[in-house]
Amino acid sequence: MDIILTMPNDNLQKLSESFKGRFIANESIKSFQQLLEDARHAPVKFSRNSAQYMKQVFEYYGHYEVKDITGEMIRRWRIFDLFCTVEGQERAQNKIYHQICSFAENRINKIILLHGPNGSAKSSLVTSIMMAMEEYSKLQEGALYTFNWIFSDLGEKEVRIGFNQENISFNEDTLAFTEPEDITFKLPCSMKDNPLLLIPPTEREALFKEAGMIDLPQHLMQQELCQKCQEIFTQLAISYNGDWKQIIRHIQVERFYLSRRFRKGLISIDPQRNIDANSRPLNMEQSYRIPRVLALSAMYEPYGDLIDANRGVVEFSEILKRSSEANKYLLTTAETGCISLPSFTAYLDCVIFSTDNQLQLSVFKTSVDWPSFNGRMSFIRVPYLTRWAAEKKCCQKLVNSYARNTHIAPHTVDVVSLWAILTRIRASKRPLAAKLTPLEKVALYNSGDPPDHWKAEDRQNLLKDLKDIVLEYDEEHERYIDKHTQDDSYEGRGGASYRELENILISAVNARSYLSPMGIFTAIEKLVKDDSVYEFVRLHRAGVQDSRTGIMYEKGFYDPDTLLAEAKAYYGEQLEKDLRTAAGLIKADEYTKYFERYLQNVKAYLKEEKIQHYATGLWEAADEKFMRSVEIKLDVDANETRPWRNSIANKIASWALQHGAGNIPYATLFSDSFEALKKNSDSEVKDQLQRIQKSVLLHNTEDWKVVPEEDRMAAVQTIENLKGLGFNEESLKEAIVFLLSQDLLSQGK
């Protein structure tokens, strides 16, 4: 039985009214007279070219300030957050914006080439711009208009141009709102020209001056209608004896929306497609119902990718992989703004983006065609990310995509993103920065923090040198594609790409029922064994010609084993912190608070005062048990506790007399005691940790019953706390096995 979906008439009416209301509110159709009136009140809005439009898109969504990797503040444009999110790349974003500003102030005369290694977000930057423009065109602020030619035999009252039929009363000023059944012929402008081009040049200039525009839109002052529309305009002018009002009576102004899906002003062209534009004669068959006034005119209409992109953006993906001959016409197109087609010259108004990888660009620079392209391109570098925080966000998206319904152990995203950054950075040649370990350099780039264990003077000098460290390799060309061809070797030129991280995550997800750092390490170990496929695995072999590609790589990259060891060391540190927290043991960075608590108790003891308990908040006598536990670690004899405590109080008083009241540097003043406390506490804590770890591994096994009651209680509490940190039982046991194995390795067992 057929099922017929029906809708009550009142619902249909509501739907129809709602749609019509939006159609009218959006001003989807106008007469030319209405557009002219609107343009007088908002001349800038109705006279924008594609570069000015794009600039307004950037500024409409706005920007905010972030700290650049160099330590300086830099703009981050919101369109790269709101649409196709691009993490980092603020320098590339701002270079794009400044180039668009130049186009908007002068004219579009260059191709913007985004270049960098594979998978560095070049196309994503363009996609984000296109998506922002598409959304902006739906707003009243972003309204764009083109026009159609409307002919109606019935609409001709005093002057007949079409077929002789009975006259019916029509609007004398416009045919824009003619009923569909009364339209004999409708012809859109293939170039989506601005309707204001229908005003003759002399009067056009007067219009903008009258509207108060000081800087006249030169693209509209110098441009004419497309060839097809100009021919129609000319034939109508002859037929109407130069009556311009009768000509524009045939104009229907139509709002259009930028769209990637429907190829309206937003076009991406793959390298395989070579025919970017062409022209064809307008269909002259009788069924096409050409008005008689145009029947004898030889009219052509353009078509193709560049025509579809007019008044918007076109992106040539991997442009240098196309043949030079296929690209040469683009040089003239970029410089002059026009493209010559068979029997048609198309004047374009679109921003031309192109993308290609760094290797392809370096090879192309040796071509005889390079000088011609060099002067007509604006080059914007898009390297791999070298800031850990930004890479974490990228990896989080990958994890969310591929491990949506999978348990994800803590630190998984941290570990894979850290390893990615480690593969991209290079050892510095600057004296102070050369002392940084790979992990320390990542931390410096990420937060601007020098190593804690460095001297204060060295820390300060390193920060002063930060910008020079970041830009150290920016203009370097130490990579050789062959003996005669140099390649850029800036930091972020090489390393693991987004696509390679994707492969690692897929491998790790498929290997087990949950995703964890150990799964990531296993996947990395497999991947780096295949150095014939992945270039970044071979980067550390500087000065040796690559047997596969013939390339000689620049110095400074670390070997894969070192990088994996660094990532594992970082993971081990994080796990130990987690375990200490879960087990309620002293963390390595809490000894200062621990010792200060001891000193507060000593002070209260000597003055016979009460002290507020650190946990309960109750006022109590000094905690003798706690003080004695600390003094045992400091090797203080039980018979010497009073003199020892007096000596501490005297030392503090002496320092206060010399330096005045203020923060007392306990770590410096009692440095020997601190070291002894750490040494003895660490030994005790490590013993406790090992007992807890071994007990945790026996949880839910047959051997659990042999674990002493005290250790069982500690293990159960630790497991619950670790689960609170995001582990499940499988991943926490795996993590503990990793920690124990690292301890054995460090002990040489």
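Count residues from 1 along the sequence.
- Remark: E573 does not engage K577 in a salt bridge, criterion side-chain N to carboxylate O under 4.0 Å.
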Practice item. Start with the C-alpha distance between W419 and F536, add both sets of side-chain angles, then the distance that settles ring pair (Phe, Tyr, Trp, His ring centres under 6.0 Å), and finish with yes or no. Key: CA-CA 12 Å; W419 176 81; F536 73 89; 5.5 Å; yes

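- Taking the ring axis of W388 as reference, the NZ or CZ atom of K392 stays within 45° of it and closer than 6.0 Å to the ring centre.
- Classification of E472 and K429 as a salt-bridged pair fails, no side-chain N sitting under 4.0 Å from a carboxylate O.
- For the pair T355 (side chain) and S123 (backbone), a donor-acceptor distance under 3.5 Å is absent.
- Between the side chain of Q93 and the backbone N or O of W77, at least one donor-acceptor pair lies under 3.5 Å.
- A salt bridge links D81 with R76: the distance from a Lys NZ or Arg NE/NH1/NH2 to an Asp or Glu carboxylate oxygen falls below 4.0 Å.
- Salt bridge absent: R541 and D559 never bring a charged side-chain N and a carboxylate O closer than 4.0 Å.
- When ring centroids are compared, Y666 and F595 stay outside the 6.0 Å threshold.
- S120 places a side-chain heavy atom less than 4.5 Å from the side chain of V382.
- We find that K441 and E491 are joined by a salt bridge, their nearest charged nitrogen and carboxylate oxygen being less than 4.0 Å apart.
- A salt bridge between R424 and E500 is absent, with no side-chain N of the basic residue lying under 4.0 Å from a carboxylate O of the acidic one.
- Under the salt bridge (Lys or Arg N to Asp or Glu O under 4.0 Å) rule, E476 has a single partner from K555, R493, R426, which is R426.
- Under a 3.5 Å cut-off, the side chain of T423 and the backbone N or O of A496 do form a donor-acceptor pair.
- In this structure, F626 has its ring center closer than 6.0 angstrom to the ring center of Y594.
- Each of E87, E391, E502 was checked for a salt bridge (Lys or Arg N to Asp or Glu O under 4.0 Å) with K397, and the lone residue meeting it is E87.
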